[in-house]
Chemist: 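Take a look at the following structure, please.
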Protein chains: 2
Amino acid sequence: MAIPRPGKPVRGSLSGTPVMAVFDLLGRRWAMGIIWNLSRGAASFRNLQTSCESISPSVLNSRLKDLREAGLIELTDDGYALTAIGEELFQLLKPFKEWSGKWADHIDQKN
Amino acid sequence: MAIPRPGKPVRGSLSGTPVMAVFDLLGRRWAMGIIWNLSRGAASFRNLQTSCESISPSVLNSRLKDLREAGLIELTDDGYALTAIGEELFQLLKPFKEWSGKWADHIDQKN
DNA sequence: TCTGGGTGCTACATTATCCGTAGCACCCAA
DNA sequence: TTGGGTGCTACGGATAATGTAGCACCCAGA
């Protein structure tokens, strides 16, 4: 699948705004999980495969390609790593961890 | 598809942590876009359908069900609306807009 | 040099998910 | 009671994800 570019939504997004292109890119399986994993440092293909338990290599490869073409990750001597702007994106993802705790509590309450 | 619950990943996520359950839920088409749209206030089914240009009603319905079961949105007299915790999640999504601008510039530079 | 094991990735069939369109039930106003 | 708007479901085809197998490459040891 083609890579969504800001202003040129591929998958049919809301209005073609850059933020929707982001949602388009991140709204794919494993995309955010991969970024999350790479935040701890560069990782090899195999390494990512094991930390993303059940991802198949073909999808991992495809997602890595997406993220690389989007400029969020790059292939270094140490393996795949976040780029500067990818790291910035991770900083936005970071607060999700705390929120998810609240969310979990909220759901537990209901059950 | 079953709803991912914190601690009980459905689709096979990294490690079953709550944050991965979030990524599992949001890593579906339109999920973040719907939340983004609802941040401007409650919206009807039709309303969402038009603001999410090319979403099909069946997928929209499915996503709304996902988000409702996850407790992020609810059906009010005014239509679908963010819950309190859904609104909190939107606050985390908000900074993506600014970042996406940077990202767009970054990509333009490369081309 | 020739195993043998680790790594990165591809191929392919199966399954799940998404999309597009049609259409039904409901409400309300004319 | 007809017509139009709204909320949603059904279904067939397209697209994406999964699971498994396996190939090419490198390097270490015999």
Side-chain angles (χ1 to χ4, degrees), chain A residues 1-4 8-16 20-21 23-38 41-70 73-81, chain B residues 1-5 8-16 20-21 23-35 37-38 41-70 73-81:
Chain A
M1 148 170 295
I3 298 305
K8 284 200 175 179
V10 171
R11 224 165 44 186
S13 48
L14 310 178
S15 52
M20 287 307 158
F23 293 161
D24 200 21
L25 177 66
L26 297 184
R28 300 176 190 186
R29 287 180 180 166
W30 299 108
M32 291 188 280
I34 288 170
I35 291 173
W36 190 266
N37 264 309
L38 288 181
S44 66
F45 190 95
R46 277 289 216 272
N47 202 308
L48 280 170
Q49 217 182 335
T50 53
S51 58
C52 302
E53 281 182 32
S54 67
I55 194 174
S56 68
S58 51
V59 174
L60 176 56
N61 190 41
S62 160
R63 219 48 3 114
L64 288 172
K65 201 184 298 182
D66 293 347
L67 295 173
R68 233 182 340 170
E69 290 182 27
I73 68 175
E74 62 191 344
L75 195 46
T76 70
D77 291 342
D78 296 330
Y80 291 95
Chain B
M1 146 171 294
I3 299 306
R5 296 188 180 284
K8 284 199 175 179
V10 171
R11 224 165 46 185
S13 48
L14 309 178
S15 51
M20 286 308 158
F23 292 161
D24 199 21
L25 177 66
L26 297 184
R28 301 177 190 185
R29 287 180 180 167
W30 299 109
M32 291 189 279
I34 289 170
I35 292 172
N37 263 310
L38 288 182
S44 67
F45 191 95
R46 277 288 217 274
N47 202 308
L48 281 170
Q49 217 182 333
T50 52
S51 58
C52 302
E53 279 182 34
S54 67
I55 194 173
S56 69
S58 50
V59 174
L60 175 57
N61 189 41
S62 161
R63 219 51 358 115
L64 289 172
K65 200 184 299 182
D66 293 348
L67 295 173
R68 230 179 345 164
E69 291 183 25
I73 68 176
E74 62 191 344
L75 194 46
T76 69
D77 291 341
D78 296 329
Y80 291 95

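So you know, we letter chains A, B, ... as the sequences are listed, proteins then strands, and number each from 1. All values below come from the heavy atoms of this structure, side chains included, with hydrogens, waters and symmetry mates left out. Predicted, not measured: the structure shown is a model, and the values here were computed from it.
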Chemist: Tell me: CG of B/Asp78 to P of D/dG7, nearest whole Å?
Modeler: 12 Å
Chemist: Between C/dC9 atom P and A/Leu48 atom CG, what is the distance in whole Å?
Modeler: 10 Å
Chemist: Could you work out, with side-chain hydrogen bond (donor to acceptor under 3.5 Å, both in side chains) as the rule, every residue matching B/Ser56, not counting sequence neighbours?
Modeler: B/Ser58
Chemist: Using whole Å, report how far NZ of A/Lys65 lies from P of C/dC9.
Modeler: 10 Å
Chemist: Starting from P on D/dT6, measure out to OH on B/Tyr80 and report it in whole angstrom.
Modeler: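 Value for this atom pair: 15 Å.
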Chemist: What's the CG-C1' distance between A/Leu75 and C/dT7, to the nearest Å?
Modeler: 13 Å
Chemist: On the nucleotide C/dC18, are OP1 or OP2 found under 4.0 Å from the side-chain N or O atoms that B/Arg63 carries?
Modeler: yes
Chemist: Between B/Arg28 (CZ) and D/dA16 (P), how many Å, whole number?
Modeler: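 Nearest whole value for this atom pair: 17 Å.
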Chemist: In whole angstroms, how far is the P atom of D/dA16 from the CG atom of A/Leu60?
Modeler: 17 Å
Chemist: If the plane angle is over 60° it's perpendicular, under 30° parallel, otherwise tilted; pick one for B/Tyr80 and B/Phe45.
Modeler: tilted
Chemist: Output yes when at least one side-chain N/O atom of A/Trp30 is less than 4.0 Å from OP1 or OP2 of D/dT18, else no.
Modeler: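 Answer yes for this pair, as a side-chain N or O of A/Trp30 is under 4.0 Å from OP1 or OP2.
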Chemist: With a 4.0 Å cut-off on heavy atoms, is B/Ser62 in touch with a base, just the backbone sugar-phosphate, or nothing at all?
Modeler: nothing
Chemist: What N/O pairs connect the protein and nucleotides 20-27 of chain C at under 3.5 Å? Give each pair on its own line.
Modeler:
{"residue": "C/dG20", "atom": "OP2", "partner": "B/Ser54", "partner atom": "O", "Å": "3.2"}
{"residue": "C/dG20", "atom": "O6", "partner": "B/Ser58", "partner atom": "OG", "Å": "2.9"}

Chemist: In this structure, how many angstroms lie between the P atom of D/dG19 and the CZ atom of A/Arg29, rounded?
Modeler: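 For the pair A/Arg29 CZ and D/dG19 P, the rounded distance is 10 Å.
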Chemist: Identify the two heavy atoms, one from A/Leu75 and one from A/Arg68, that lie closest to each other, and give their separation to 0.1 Å.
Modeler: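 Shortest heavy-atom separation between A/Leu75 and A/Arg68 comes out as CD2-NH1, 3.9 Å.
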Chemist: Using the side-chain hydrogen bond (donor to acceptor under 3.5 Å, both in side chains) criterion, which residues pair with A/Thr76? Sequence neighbours excluded.
Modeler: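 Per chain and number, A/Thr76 pairs via side-chain hydrogen bond (donor to acceptor under 3.5 Å, both in side chains) with no residue.
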